Amino acid sequence: MTSILVLNGPNLNMLGSREPEIYGTDSLTAIERICRERGDHLGVDIEFLHSNHEGTLIDAIHNASTRTDAIVINAAAYTHTSVALMDALKSVPQPVVEIHLTNIHRRESFRSRSYISLAADGVILGFGAKGYALAIEAALGLAKPR
Ligand code: CA2
């Protein structure tokens with residue numbers, strides 16, 4: 001069965017509780033449900049992970065190289081800072097789909113720079129929680145059988 005790793009970075013566990021006008025009202029648990037429902041619909045196994053720690057996200061990317069066919073990642077604020085996450089994504093053969101809830105190009109200028117985009121095959125942004133379902137479909141389209 002095709003397996004897609006969905007990785008979530010810092011503070012995304014706070015979704016739904018603060019700043020709903022920016023990030024919407026869906027919690028990360030609701031987003032996980034959206035991903036699992038789309039996975040069931042498409043016949044894809046979803047591994048859903050959140051961490052506030054850069055190293056944990058990097059470990060998950062390295063571990064994915066043997067278990068996963070594609071990676072969907074919302075690196076949150078690490079998007080704009082982490083050369084280490086970019087390098088980790090470049091170090092594995094799996095296709096990468098970058099996802100953001102918001103359109104990062106319509107926000108503060110520092111959010112327009114994405115290190116993740118330099119390692120991503122495609123980017124989905126600005127569609128809120130529903131963007132995760134789009135990202136999973138895109139990742140399945142790119143996935144290569146192991
Ligand atoms: O739009 C996105 O998905 C982001 O990756 C979300 C990040 C932000 O730093 C990126 O620039 C764009 C923020 C993650 C969630 O942060 C929260 C902050 C306050 C309350 C709830 C969540």
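Just follow the structure's listing: the first ligand is 1, and inside any ligand the first atom is 1. Computed from a prediction, not measured in an experiment: that's the story for all the values here.
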Any pair counted as salt bridge (Lys or Arg N to Asp or Glu O under 4.0 Å), so long as it reaches residues 6-16, sequence neighbours left out:
none

Taking E32 first and then R36, would you say they form a salt bridge - that is, a charged N and a carboxylate O separated by under 4.0 Å?
yes

OG1/T29 to CZ/F48 distance, rounded to the nearest 0.5 angstrom?
8.0 Å

If the condition is side chain to side chain donor-acceptor pair (under 3.5 Å), which residues does N13 pass it with, not counting sequence neighbours?
H50

Write out all pairs satisfying salt bridge (Lys or Arg N to Asp or Glu O under 4.0 Å) with one or both partners inside residues 91-116, taking only residues at least two apart or from two chains.
E108-R111

Establish, from distance only, whether the side-chain atoms of Y132 and N8 form a donor-acceptor pair under 3.5 Å.
yes

Any protein N/O atoms within less than 3.5 Å of an N/O atom in ligand 1? List the atom names and distances, or say none.
unit_1: ligand 1; atom_1: 1 (O); unit_2: L101; atom_2: N; d: 3.3
unit_1: ligand 1; atom_1: 1 (O); unit_2: T102; atom_2: N; d: 2.9
unit_1: ligand 1; atom_1: 1 (O); unit_2: T102; atom_2: OG1; d: 2.6
unit_1: ligand 1; atom_1: 3 (O); unit_2: N74; atom_2: ND2; d: 2.9
unit_1: ligand 1; atom_1: 3 (O); unit_2: L101; atom_2: N; d: 2.7
unit_1: ligand 1; atom_1: 5 (O); unit_2: N74; atom_2: OD1; d: 2.8
unit_1: ligand 1; atom_1: 5 (O); unit_2: H100; atom_2: ND1; d: 2.9
unit_1: ligand 1; atom_1: 9 (O); unit_2: R111; atom_2: NH1; d: 3.0
unit_1: ligand 1; atom_1: 11 (O); unit_2: H80; atom_2: NE2; d: 2.7
unit_1: ligand 1; atom_1: 11 (O); unit_2: R111; atom_2: NH1; d: 2.7

